[in-house]
Amino acid sequence: AQSVTQLGSHVSVSEGALVLLRCNYSSSVPPYLFWYVQYPNQGLQLLLKYTSAATLVKGINGFEAEFKKSETSFHLTKPSAHMSDAAEYFCAVSHPSGGYQKVTFGTGTKLQVIP
Amino acid sequence: DGGITQSPKYLFRKEGQNVTLSCEQNLNHDAMYWYRQDPGQGLRLIYYSQIVNDFQKGDIAEGYSVSREKKESFPLTVTSAQKNPTAFYLCASKRTDSSGANVLTFGAGSRLTVL
């Protein structure tokens with residue numbers, strides 16, 4: 001079975017400060033890992049994905065994430081928070097396999113950016 | 001621009017009524033999904049369809065039904081058998097990228113409230 005755990009349902013940072021959103025995964029095989037962002041009353045948008053090509057993955061809007069197998073983690077970071085980063089962020093995992101790949105989502109982390 | 005259109009954006013229903021949520025995509029994707037989102041619970045899979053005229057139950061299919069008569073369309077019916085239907089419903093379609101990962105594209109969602 002696969003799962004992801006997002007530590008902290010709410011995170012607050014000051015504008016210009018480092019953003020760190022935590023995600024730990026559980027998977028019996030090397031997984032695919034994703035971060036999605038959701039703005040209020042909108043659908044989810046892909047920020048970045050890890051598919052084993054490189055452990056440090058860069059995404060849109062200045063976000064990046066590092067896959068650490070030894071820690072089973074895939075934390076999302078951004079060096080300097082902007083007000084526009086306020087949203088809910090979801091970590092997700094799936095398995096590389098043929099046919100249907102179930103995507104399992106975490107419970108989400110709401111990011112608040114304080115001026 | 002290609003994308004997924006969900007309608008209506010907001011819907012109110014009286015208890016005992018069935019309602020149908022529309023999902024249309026022009027991305028030419030084979031696979032489509034319906035998720036339910038509740039605060040603090042992340043996204044839970046209701047139904048998915050990998051090809052036309054075929055669909056499978058997800059983790060919380062009870063009280064819901066779907067059809068897939070056309071590639072572009074995957075409507076979801078919330079029946080009176082669904083005991084707690086008030087939620088935000090998200091439709092998605094899937095593409096498989098060059099690494100084999102399934103990447104989901106989401107619609108903007110439909111918010112259903114039962115009065």
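Within every chain, numbering begins at 1; the chains are lettered A, B, ... in the order of the sequence lines, protein sequences first and strands thereafter.
- The existence of a salt bridge linking B:Asp54 and B:Arg68 is excluded, since no basic side-chain nitrogen approaches an acidic carboxylate oxygen closer than 4.0 Å.
- No part of B:Asp38 comes within reach of chain A, as not one of its non-hydrogen atoms sits under 4.5 angstrom from that chain.
- No hydrogens or angles considered: a donor-acceptor pair under 3.5 Å links the side chains of B:Tyr64 and B:Tyr89.
- If you measure heavy-atom distances from B:Gln37 to chain A, the contacts under 4.5 Å come from the side chain alone.
- Residues of residues 104-115 of chain B lying under 4.5 angstrom from chain A, judged on non-hydrogen atoms, are B:Leu104, B:Phe106, B:Gly107, B:Ala108, B:Arg111 by number.
- Between A:Phe90 and A:Gln38, the closest heavy-atom pair is CE1-OE1, 3.4 Å.
- Of the candidates A:Trp35, A:Phe67, A:Phe74, A:Phe67 is the only one forming a ring pair (Phe, Tyr, Trp, His ring centres under 6.0 Å) with A:Tyr25.
- In terms of hydrophobic clustering, with Ile, Leu, Val, Met, Phe, Trp and Tyr side chains grouped at heavy-atom distances under 4.5 Å, A:Leu46 and A:Tyr32 are assigned to a common cluster.
- Proximity to chain A involves both the backbone and the side chain of B:Leu43, based on heavy atoms less than 4.5 angstrom apart.
- Ion pairing between B:Lys94 and B:Asp30 fails under the 4.0 Å rule for side-chain N and carboxylate O.
- Seen from the ring of A:Phe63, A:Lys78 counts as a face-on cation partner, given the 6.0 Å and 45° thresholds.
- Side-chain contact between A:Leu44 and B:Leu90 is present, with heavy atoms from C-beta onward closer than 4.5 Å.
- With a 4.5 angstrom heavy-atom cutoff, A:Gln6 does not touch chain B via any of its atoms.
- Only the side chain of A:Tyr36 comes within less than 4.5 Å of a heavy atom in chain B; its backbone stays farther off.
- Centroid-to-centroid, the aromatic rings of B:Tyr35 and A:Phe105 come within less than 6.0 Å.
- No hydrogens or angles considered: a donor-acceptor pair under 3.5 Å links the side chains of B:Asn102 and B:Thr96.
- A continuous path of Ile, Leu, Val, Met, Phe, Trp and Tyr side chains, each step under 4.5 Å between heavy atoms, connects A:Tyr39 with A:Leu48, placing both in one hydrophobic cluster.
- Counting non-hydrogen atoms of other residues, nucleotides and ligands closer than 6.0 Å to NZ of B:Lys71 gives a total above 12.
- The contact list for residues 8-15 of chain B toward chain A, using heavy atoms and a distance under 4.5 Å, reads B:Lys9, B:Tyr10 by residue number.
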